[in-house]
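Read through the structure below, which is laid out as structure tokens, and then see the notes.
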Amino acid sequence: MSKQEDTNYWLMKSEPDVFSFEDLMAKKTTFWDGVRNYMARNYMMRDMKVGDLVLFYHSNAKPSGIAGIATISSEARPDASSFDKNSDYYDQKSTPDKPRWFAVDVSFYRTLPSFVSLDQVKKNKKLKKMVLLNNSRLSVQPVTKNEFDLILEMSQLGGT
DNA sequence: GCCAACGTTGGC
DNA sequence: GCCAACGTTGGC
């Protein structure tokens, strides 16, 4: 097994009404807390590295799609909102001694020439295998370099 | 606002 | 450890 030194690529979903790519641009860095799905957590905890690139996806939006590029800016650390009884994300099975949920920092990286809608992604036959289209409920998901590059290409073509 | 898809919970 | 019931996500 060879050591993987290449950047990994991801797609992370956020509802723009709650936290949009524009919000990330303004804030620069945000802690990606509130994820309560084990697969999504495991990607953040085990597989993400500082410098990985992220397609920032707007879900439940009009339209939904890829709004910009972000980058992973910290290793995973315990998600303190899971200990906070007043948080919407409180989980009584998670404690500071034995945290169940973890998250990473996500930072603004760059804007895209144009928004790439879910509809455009669906129409691109080369993107048929994207997790986005096959496990639509996963909020943190891996993307291949090829898929990432194709999205960027689509964004250039759609650009103004 | 509806509802399909799917992850999680809990009874057995 | 199975699986039905339930709750949530997210497109439309």
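So that the names make sense, note that chain A is the first sequence line, chain B the second, and so on, each numbered from 1.
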Sequence neighbours left out, what passes side-chain hydrogen bond (donor to acceptor under 3.5 Å, both in side chains) with A:S81? Give chain and number order. A:R36, A:D79
DNA chain C-proximal residues of residues 117-134 of chain A, any heavy atom under 4.0 Å: A:L118, A:K122
In this structure, would A:W32 and A:W10 fall into the same cluster of hydrophobic residues linked by side-chain contacts under 4.5 Å? yes
Report the residues that fulfil salt bridge (charged side-chain N to carboxylate O under 4.0 Å, His left out) with A:R100, sequence neighbours left out, ordered by chain and then residue number. none
Hey, can you pull the residues of residues 37-48 of chain A with a non-hydrogen atom under 4.0 angstrom from DNA chain B? A:N37, A:Y38
Quick check on the hydrophobic clustering: are A:V54 and A:L138 connected, directly or via other members, by side-chain heavy-atom contacts under 4.5 Å? yes
Return yes when atom OH of A:Y109 has more than 12 non-hydrogen atoms of other residues, nucleotides or ligands closer than 6.0 Å, and no otherwise. no
Step by step, would you call A:F21 with A:L112 a side chain to side chain contact (heavy atoms under 4.5 Å, CB included)? CA-CA 11 Å; A:F21 187 66; A:L112 284 171; over 6 Å; no
Is it true that, when you exclude A:R46 itself, more than 12 heavy atoms of the residues, nucleotides or ligands shown sit nearer than 6.0 Å to its CZ? no
Cluster question for you: counting only ILVMFWY and a side-chain heavy-atom cut-off of under 4.5 Å, with indirect links fine, are A:F19 and A:Y57 together? no
By nearest nucleotide on DNA chain B, pick out whichever of A:R100 and A:N60 is the more 5' one. A:N60
Can you tell which of A:V116, A:N124, A:L118 makes a side chain to side chain contact (heavy atoms under 4.5 Å, CB included) with A:Q120? A:V116
For A:K49, is there an ion pair with A:D52 - N to carboxylate O distance below 4.0 angstrom? yes
Between A:F56 and A:L53, is there shared hydrophobic-cluster membership here, with clusters defined by ILVMFWY side-chain heavy atoms closer than 4.5 Å? no
Between which nucleotides of DNA chain C, read 5' to 3', does contact with chain A run, using atoms under 4.0 Å from its heavy atoms? C:dG7 to C:dC12
Strand contacts (DNA chain C) in residues 9-20 of chain A, 4.0 angstrom heavy-atom criterion: A:K13
If you apply the rule side chain to side chain contact (heavy atoms under 4.5 Å, CB included), what do you find for A:Q141 with A:K13, and how did you get there? CA-CA 9 Å; A:Q141 51 183 259; A:K13 295 181 187 174; 3.9 Å; yes
